[in-house]
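Residue numbers count from 1 along this sequence.
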Amino acid sequence: MKKVCAVDANFHCPGCHELWDGASKRNLTPYFAFTRNVHGKTIHVLDQPVIMSSICERASKSQVCAESTLILHLLCTGMETRGSLPLLLKTTLDEYHTKASLEYAEVTFDFGMQRKFDRWRAKAKKLGAKFGASDFKCKIIFITVHSEVTRGDLFAGKDEKGGDVAMRVEEFMSCLFSPPLEEVVYASTLFMLTCGPLVSFQESFMSMQQSIKHLRPEYTIAFTAPNFINAVLKSFLVSYGVQVLIEGHALGDVLQDLLNVSLGLQMHTDVILFHIAGLGIDTLGIIAIGVRGEILCL
């Protein structure tokens, strides 16, 4: 201790030592932290290199949140359920949750006729009461549905003859989230698993915005690919589960990071993010991100 505290002892920090070795383009040399100058020559104060130890601390945002979470998958009758993306998200979260803190529900809807809608409305009432009583801190809702290619309307189900019935977006969302199920959407994250016509046509795009302003999910994600393939979303969804639902980052803050690990998604489609900034304020922000991560003009 007396040697290193001597008046003529000089301290050389680890960072400078590494920079010096790098600048001289040589392999890292032993780290002698203390030196002194004797007749113009630098000599080591200590006989042995300094051994350093430290504790690696993680940022508070890397802590496990694991708040009570609802994953609700609403899919139109006749849609393929194999390789379910919502189920993949549930599997990602399972190891961080107990059965009591993670709720998963997959519900098929069909309200293409009045009598079917009456049944759906009764079902939505039960679902709304059930989920509303649990006071989930995180709510992720997936809607898997076809969109009409010439207008962007969304399919509600089948008519009497088995034909497809499509509705204007605002009407569809109002029927799908019949009270009190609409209350579950508030402050949630909503994934629209449907093809690009939903946001490609001005009328359906504006109708979607009106629905969001009414239902007030915090985030809504939609995709522009004319023939959207759900499978390209897998890497994005797993990363979303870890970074947003477990580590606690805001989706808007890490969206670009999620896209960077989702090469297939970037090659397939642009992403539209709707965000209500401050759920008590009627302000809807919309960000469109292109396949190369650039911000698009809407």
Side-chain angles (χ1 to χ4, degrees), residues 58-74 83-97 102 104 136-144 185 187-196 198-200 205 208-209 212 216-279 284-298:
R58 302 188 71 182
S60 60
K61 284 293 186 179
S62 291
Q63 296 176 359
V64 175
C65 295
E67 296 180 311
S68 58
T69 300
L70 169 67
I71 302 174
L72 175 59
H73 185 197
L74 301 172
S84 167
L85 289 175
L87 193 56
L88 174 64
L89 179 60
K90 175 187 178 296
T91 302
T92 302
L93 301 181
D94 268 340
E95 62 181 310
Y96 298 98
H97 284 270
L102 179 61
Y104 175 81
F136 294 101
K137 301 302 181 184
C138 299
K139 296 174 288 187
I140 306 94
I141 302 173
F142 296 84
I143 301 177
T144 300
V185 188
S188 68
T189 296
L190 182 61
F191 285 87
M192 298 298 299
L193 302 182
T194 188
C195 295
L198 171 65
V199 291
S200 299
F205 184 74
M208 187 67 203
Q209 290 186 58
I212 292 171
R216 306 194 71 73
E218 184 175 8
Y219 293 101
T220 302
I221 299 177
F223 308 94
T224 63
N227 299 293
F228 180 65
I229 301 173
N230 285 357
V232 301
L233 202 56
K234 288 182 178 180
S235 297
F236 179 95
L237 209 55
V238 171
S239 297
Y240 165 81
V242 174
Q243 294 194 43
V244 176
L245 301 180
I246 298 303
E247 295 183 354
H249 297 284
L251 175 57
D253 294 340
V254 297
L255 179 60
Q256 190 60 63
D257 294 334
L258 302 183
L259 292 172
N260 289 339
V261 300
S262 312
L263 182 59
L265 178 63
Q266 290 190 49
M267 295 174 66
H268 179 58
T269 182
D270 295 334
V271 178
I272 309 293
L273 176 68
F274 301 84
H275 175 45
I276 295 182
L279 291 169
L284 176 62
I286 305 174
I287 301 174
I289 299 182
V291 293
R292 291 176 296 278
E294 73 276 18
I295 303 298
L296 304 176
C297 296
L298 294 173

| task | Measure the CD1-CE distance between Ile272 and Met208 for me, rounded to the nearest 0.5 Å. | result | 11.5 Å
| message | If you take the centroid of each ring, where Trp contributes its six-membered ring, are Phe191 and Phe223 closer together than 6.0 Å? | response | no
| query | Which distance, rounded to the nearest 0.5 Å, do you find between the CG of Leu259 and the OG of Ser235? | reply | 11.5 Å
| query | Where the side chain of Thr220 meets the backbone of Phe274, is there a donor-acceptor pair that is under 3.5 Å apart? | reply | no
| said: Please determine whether ring-ring contact (aromatic ring centres under 6.0 Å, His included) holds for the pair Tyr104 and His73, giving the CA-CA distance in whole Å, both sets of side-chain angles, and the decisive distance to 0.1 Å. | reply: CA-CA 8 Å; Tyr104 175 81; His73 185 197; 7.5 Å; no
| Can you tell me how far the CD atom of Gln243 sits from the CZ atom of Phe236, to the nearest 0.5 Å? | 9.5 Å
| After noting the C-alpha distance and the side-chain angles of Leu85 and Lys234, does the key distance pass the side chain to side chain contact (heavy atoms under 4.5 Å, CB included) rule? | CA-CA 7 Å; Leu85 289 175; Lys234 288 182 178 180; 3.7 Å; yes
| Is the side chain of Thr269 donor-acceptor paired with the backbone N or O of Thr224 at a distance under 3.5 Å, no angle test? | yes
| request: Would you check if the side chain of His268 reaches a backbone N or O of Val232 as a donor-acceptor pair within less than 3.5 Å? | output: no
| query | Does Phe136 reach the side chain of Thr69, with side-chain heavy atoms less than 4.5 Å apart? | reply | no
| request: Show your reasoning for whether side chain to side chain contact (heavy atoms under 4.5 Å, CB included) applies to Ser239 and Val242. | output: CA-CA 5 Å; Ser239 297; Val242 174; 5.9 Å; no
| field | side chain to side chain contact (heavy atoms under 4.5 Å, CB included), paired with Tyr219, selected from Leu273, Leu190, Ile276, Leu255 | value | Leu273
| note | In this structure, CD1 of Ile246 is separated from CD of Glu67 (nearest 0.5 Å) by 10.0 Å
| query | Side chain of Thr92, backbone of Leu88: donor and acceptor closer than 3.5 Å? | reply | yes
| Nearest atoms (heavy-atom pairs only) where Ile221 meets Leu251 | CD1-CD2, 3.8 Å
| Is there a side-chain contact between Asn260 and Gln256 (heavy atoms, below 4.5 Å)? | yes
| message | Could you check whether any side-chain heavy atom of Ile143 comes within less than 4.5 Å of a side-chain heavy atom of Thr194, counting everything from C-beta outward? | response | no
| request: Verify, without hydrogens or angle tests, whether Thr189 (side chain) and Ile140 (backbone) share a donor-acceptor contact under 3.5 angstrom. | output: no
| query | If you round to the nearest 0.5 Å, how far is CG of Asp270 from CG of Leu265? | reply | 9.5 Å
| field | Spacing of OG1 belonging to Thr144 relative to CE belonging to Met192, to within rounding of 0.5 Å | value | 9.5 Å
| So, do Ile71 and Phe142 sit near enough that their side-chain heavy atoms are less than 4.5 Å apart? | yes
| said: Minimum heavy-atom separation for Ser188 and Ile141, please, with both atom names. | reply: OG-CD1, 3.9 Å
